[in-house]
Amino acid sequence: MSVRVRFAPSPTGLLHVGALRTVLFDYLFAQHNGGQNILRIEDTDRTRYNADSEKEFVDTLAWVGIEFDEGPHIGGPHGPYRQSERKEAGIYSHWIERLIELGHAYMAFDTPEELNEMREYQQINKMPTGYFGGDWRDADPSKAAAAIAEGKPYVIRQRIPRDRTVVVEDAIRGRVEFDTNTLPDPVLIKGDGMPTYHFAAMVDDHLMEITHVLRGEEWIATSPIHWLLFEMFGWDRPVFVHCPVIVGTDGKKLSKRHGATRVLDYAAQGYDKEALKNFIALIGWSPGDDREVMSQQELIAAFDLKGLQASPGRFDIEKLRWLNGHRIRQMSTEELLDTILEYVKAPYTMEYWMNFVDENPMPNKKPTDGPEVWRRLVRLKEKAETNRSYVLEAVRLEQERVQTLADFGEACEFFLVDEVFFDEKAVEKWFGQEHVGKLLRFLLERVSEAQTASVEWCESLIRQFASDHGFDKLGPVVHPTRVALTGKTVGPGLFELMNVLGPSRMKARLERALAMLK
RNA sequence: GGCCCGGUCGUCUAGUGGUUAGGAUGCCGCCCUUUCACGGCGGAGAUCGCGGGUUCGAGUCCCGUCCGGGCUACCA
């Protein structure tokens with residue numbers, strides 16, 4: 001039988017990193033086995049429903065490049081793929097009736113107040129809390145009939161068999177045992193007629209012929225009631241795979257405080273999707289050997305359930321940064337420039353940086369100015385549209401020294417502006433020396449005469465000045481020149497950078513630097 | 001409180017009875033070099049949560065214990 005997995009998010013908000021990891025595993029597993037990946041929207045909670053959420057999921061998944069074989073946006077033979085629509089189609093009412101007929105579910109007419117009272121009583125007496133029988137589990141049918149006749153609201157609960165041990169098979173942990181006397185009778189159909197997760201997800205997994213259920217480990221505690229439901233219906237069970245959670249660097253659940261948790265925020269920060277997937281896949285899974293840098297194809301080829309880890313993993317942004325830098329270096333410069341341009345054009349990039357507020361700046365560094373980051377990126381994009389070859393060369397020189405796509409804005413800035421921003425410390429350190437005026441005038445003269453440059457020619461200028469003036473090291477010549485041309489003390493190799501700037505830009509910059517000396 | 005899950009360098013991990021406990025990241029140093037990076041080399045960093053047992057031998061098996069986490073909703 002072919003593998004069928006499903007990603008079943010609840011449309012209550014954003015798609016976060018933990019969920020991304022689950023879909024990634026679904027996708028890798030399906031691809032590895034030549035199976036199908038299905039998207040199902042679990043919108044059974046009207047109170048938490050968020051209309052923008054489904055679009056966020058589809059957008060995010062499109063960005064990372066995870067595709068589905070069936071889903072609400074593309075259809076398929078097992079639709080509809082939204083649970084609200086499946087409810088309208090009568091799917092859940094059909095199956096809940098069957099379950100009642102089988103004696104495995106019953107109507108319960110308790111009011112919320114009564115349930116609260118019960119819970120309080122249980123807590124005070126240090127008893128397990130939950131609905132273990134109440135007034136309705138074993139009520140006489142005539143009593144229920146009377147309540148229906150009165151029009152009392154009710155829920156439908158699963159009748160958990162008592163005095164049994166349920167052994168749930170988990171693909172990662174093996175056998176997990178539960179005493180059914182600790183399992184309250186869960187609500188399957190709510191007062192508003194909507195099914196709960198416990199019912200809808202299991203019915204749908206069966207109907208959609210899901211073979212493997214990958215979900216978060218928070219479901220482990222309720223897995224026995226799901227396990228039992230399959231037994232009650234006499235259905236074959238899927239393989240349950242409870243994936244460990246991803247936590248922040250402090251060991252707590254990943255949240256806003258750890259930086260981005262929304263997947264599109266990582267996109268906006270300039271992480272490449274391949275690097276993100278590579279990184280995410282390695283939290284809670286490993287190919288079993290020492291490989292770490294892996295392409296999507298390699299991930300698919302290597303992915304199997306045996307490599308899954310039981311313990312929670314931490315989200316280490318430093319490792320993501322390393323992987324992302326590695327990815328940037330792997331790309332051809334043409335491919336990289338296209339990736340950068342696509343990145344700048346994406347709506348989430350502008351939205352993110354324009355609203356960015358640096359809440360915890362790095363020590364000893366000035367806080368990141370979000371709107372400024374954005375302006376630099378736009379400048380790069382616009383320049384690339386008018387002079388692609390020039391920007392391409394600038395990117396080529398910076399490719400070795402950045403970690404994110406966003407970094408190119410600042411790294412390439414001096415190539416793109418007419419008047420570079422002079423770093424005060426750089427000027428102070430290198431423009432004070434006597435020979436600098438002579439050096440800049442010398443360069444200005446030679447550059448003014450030139451039509452074109454080359455790396456060799458640029459190098460020869462510097463070397464000539466150094467030897468003519470008795471410098472046995474290039475430093476005192478190189479550094480002031482760099483400052484004059486870029487305003488900074490760091491950056492690509494001077495000769496390469498001079499070559500890319502070309503004679504006329506160098507001329508303008510040297511003149512401006514010379515003016516500063518006086 | 002009850003039930004359940006987890007615990008190998010700071011972090012991600014390899015490891016399934018016999019290894020100097022391996023790799024990666026991060027950190028430090030050296031090399032490369034005109035700077036910052038990249039890259040290369042090297043270093044520090046893990047009494048495998050702790051305590052018992054089983055065994056000739058345990059990170060690996062068993063028991064206990066501690067710590068962390070999840071569930072304990074008419075949320076998923």
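Computed from a predicted structure; not experimentally measured. In what follows, chains are A, B, ... by sequence order, proteins preceding strands, each numbered from 1. Computed from heavy atoms alone, side chains included, the values below leave out hydrogens, waters and symmetry copies.
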Using both distances under 3.5 Å as the test, list the Watson-Crick or G-U wobble partner of [N], or none.
N	answer
B:C36	none
B:C56	B:G18
B:C41	B:G29
B:U11	B:A24
B:G6	B:C67

Are [X] and [N] close enough that a side-chain N or O sits under 4.0 Å from OP1 or OP2?
X	N	value
A:Thr222	B:C71	no
A:Arg173	B:G6	no
A:Arg291	B:G23	no
A:Gln122	B:U72	no

Looking only at side-chain atoms of [X], point me to the closest of [options].
X	options	value
A:Lys190	B:C4, B:G23, B:A76	B:A76
A:Pro312	B:C74, B:G6, B:C4	B:G6
A:Asp316	B:G10, B:C12, B:A14	B:G10
A:Val176	B:C4, B:G7, B:A14	B:C4
A:Lys126	B:C74, B:G1, B:U25	B:G1
A:Arg48	B:A24, B:C75, B:A73	B:C75
A:Glu218	B:C71, B:G23, B:G26	B:C71
A:Thr129	B:A24, B:U72, B:U13	B:U72
A:Thr196	B:G6, B:C12, B:A76	B:A76
A:Glu217	B:C74, B:C5, B:C4	B:C5

When all nucleic acid strands are considered with a 4.0 Å heavy-atom cut-off, which category describes [X]: base, sugar-phosphate, or nothing?
X	value
A:Gln123	nothing
A:Asp110	base
A:Gly325	nothing
A:Arg157	sugar-phosphate
A:Glu398	nothing

Polar contact flag, side-chain donor to acceptor under 3.5 angstrom, [X]-[Y]:
X	Y	answer
A:Thr182	A:Asp179	no
A:Asp43	A:Ser84	yes
A:Arg119	A:Asn116	yes
A:His16	A:Arg262	no
A:Tyr92	A:Asp204	yes
A:Gln399	A:Thr333	yes

> With nearest nucleotides of RNA chain B determined for A:Val187 and A:Asp289 from heavy-atom distances, which residue corresponds to the more 5′ nucleotide?
Replying inline: A:Asp289

> Starting at the 5' end of RNA chain B and moving along, which residue's nearest nucleotide shows up first, A:Asp179 or A:Thr44?
Replying inline: A:Asp179

> Taking only residues two or more places apart in sequence or in another chain, which ones pass ring pair (Phe, Tyr, Trp, His ring centres under 6.0 Å) with A:His226?
Replying inline: A:Tyr197, A:His198

>> I'd like to check the side chain to side chain donor-acceptor pair (under 3.5 Å) partners of A:Glu120; sequence neighbours left out, ordered by chain and number.
In response: none

>> Taking B:U35 as the reference, what is the distance to B:G42 when you measure between their C1' atoms (whole Å, please)?
In response: 24 Å

> Rounding to the closest angstrom, what is the interatomic distance between B:G68 and B:A58 at atom C1'?
Replying inline: 24 Å

> Between A:Trp285 and A:Phe25, does the ring centre distance come in under 6.0 Å?
Replying inline: no

>> What does the B/S/- profile of nucleotides 27-49 of chain B look like, 5' to 3', with a 4.0 Å heavy-atom cutoff to protein?
In response: -------BBBBS-----------

